[in-house]
Structures are given as C-alpha cells and as structure tokens.
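Remember, predicted model here, so these are calculated numbers, not experimental data. Positions are given from 1 along the sequence.
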Amino acid sequence: MRKAPLIILICGLGIVGALVWASFTAETTAGLAKPHAEHLKMWTSGGMQRDLGVWTPGMVVGYLTIIAAGAGFTLGVKRIALRDITIATVLSLVAFTGMMIAYRSYAVADEHVVSGWFSSPVNWQLFGLVIFPSAFVVVWVLGFQRWVYSPEDQAKFDSLLKRSRSAKKREGGE
C-alpha cells in the first residue's frame, strides 16, 4: 500500500490543528504603536513582535504543507522516483526554515539590515522558496518518462488500443 494518501491526510489534519492552535494564541498587539520620528501626527506600528505569537503554528503549517506537497508528487509515480522527490522536499523544508528563522530575527530587531535590494526574510523567500521548490518541477520533468509514462507503457497502451479496435470491428462497431 502506498503511504502518500495517509501522509497527505495526516498533514491536512495537522494543518487544521495548527490553525485552531493559532486561533487561540494571543498576538501581542498592545502598546506597540509609537509616534513617528518625522511626522508628529502619525504613528508607526512599533515593530513586528505581534507576529511572533503565531510563529510556531506558522512553522507547523509550513512544514506540513511542504510535506503534503512532496507526498502529492509521489502519487502515480514508480518507486524509483521517491529518492529524488524526497531530496526536493528536504530542500524546500530547508528554504522554509531559513526564511522563518530570518523573519524571527528580523521581527525582533530595531534596525533592519538589507542585503542586496531586500531584507533577509525576503531573500529567503525569493531565492529559497522559489528556487528550491522548482526542484520538484525539474525532478518531475526529467523523470517523467522513467517514473510516470515510459515507452513500455506507451507500447502497452497501443496494443490495448489495437485489440480494442479489432474487437469493435468484429462486433460490427466501426
């Protein structure tokens, strides 16, 4: 029996559980606003610390989503594909972890460091969460003829189609 549907079900239930957990987690929003340095009539948010209350449930939702996606990619493929799909899943988990840790550091800092044009969490998101999950696409495209629909599968399909057509002709169909 394939384990992917069970993994997807467990991840889905885990995501629901993490969202319920996050809905009962109080965000720290009181007292963060402060006067703007240049415009006295304006207030600033005072920081992103309010997001840190739901950081852990957010990590759980992200991990479970990536694992469910990896399990979904294994549906309908031959066993030899599992190693490459697992590697792509692990790369995506590494990128997501890097982004979340960078965001946690960024949220508590008073001074925000920018590298290149973006802050560290945005760099992880753009370059990690775009490049690493594209490994799924590369793995899928390069392995399609070996794992999903091989030339042997095409030959078997052609013989079934030929047999079906000849049976219809005998019955007077076509």
ask   = Does Leu9 belong to the same Ile/Leu/Val/Met/Phe/Trp/Tyr cluster as Leu64, with side-chain heavy atoms less than 4.5 Å apart forming each link?
value = no

key: Minimum heavy-atom distance between Ala4 and Ala71, given as atom pair plus value   = CB-O, 3.4 Å

ask   = Atom CE in Met99, atom CG in Asn123: separation rounded to 0.5 Å?
value = 12.5 Å

inquiry  = Using every non-hydrogen atom in the two residues, find where Ile67 and Thr89 come nearest and quote the distance to one decimal.
reply    = CA-CG2, 4.4 Å

message = If hydrophobic clusters are built from ILVMFWY residues whose side chains come within less than 4.5 Å, do Phe73 and Val90 share one?
response = no

ask   = Roughly how far, to the nearest 0.5 Å, is the OH atom of Tyr63 from the CE atom of Met100?
value = 8.5 Å

ask   = So if you build clusters from Ile, Leu, Val, Met, Phe, Trp, Tyr with side-chain heavy-atom gaps below 4.5 Å, do Trp21 and Ile15 land together?
value = yes

inquiry  = Give me the atom names and distance for the closest heavy-atom approach of Met59 to Phe96.
reply    = O-CE2, 3.7 Å

ask   = To the nearest 0.5 Å, how far apart are OG in Ser164 and CG in Leu160?
value = 8.5 Å

Donor-acceptor pair, side chain of Asp158 and main chain of Ala155, under 3.5 angstrom = no

task = Hey, could you give me the OG1/CG distance between Thr86 and Leu93, rounded to the nearest 0.5 Å?
result = 10.5 Å

note = Separation between CD (Gln154) and CG (Leu161), nearest 0.5 Å, reads 9.5 Å

key: Ala68 versus Cys11, closest heavy-atom pair with distance   = CB-CB, 3.7 Å

query = Do Pro121 and Ile101 have side-chain heavy atoms sitting under 4.5 Å apart?
reply = no

ask   = Considering only heavy atoms from C-beta outward, does the side chain of Ile8 approach that of Leu75 to under 4.5 Å?
value = yes

ask   = Closest heavy-atom contact between Thr65 and Val61?
value = OG1-O, 2.7 Å

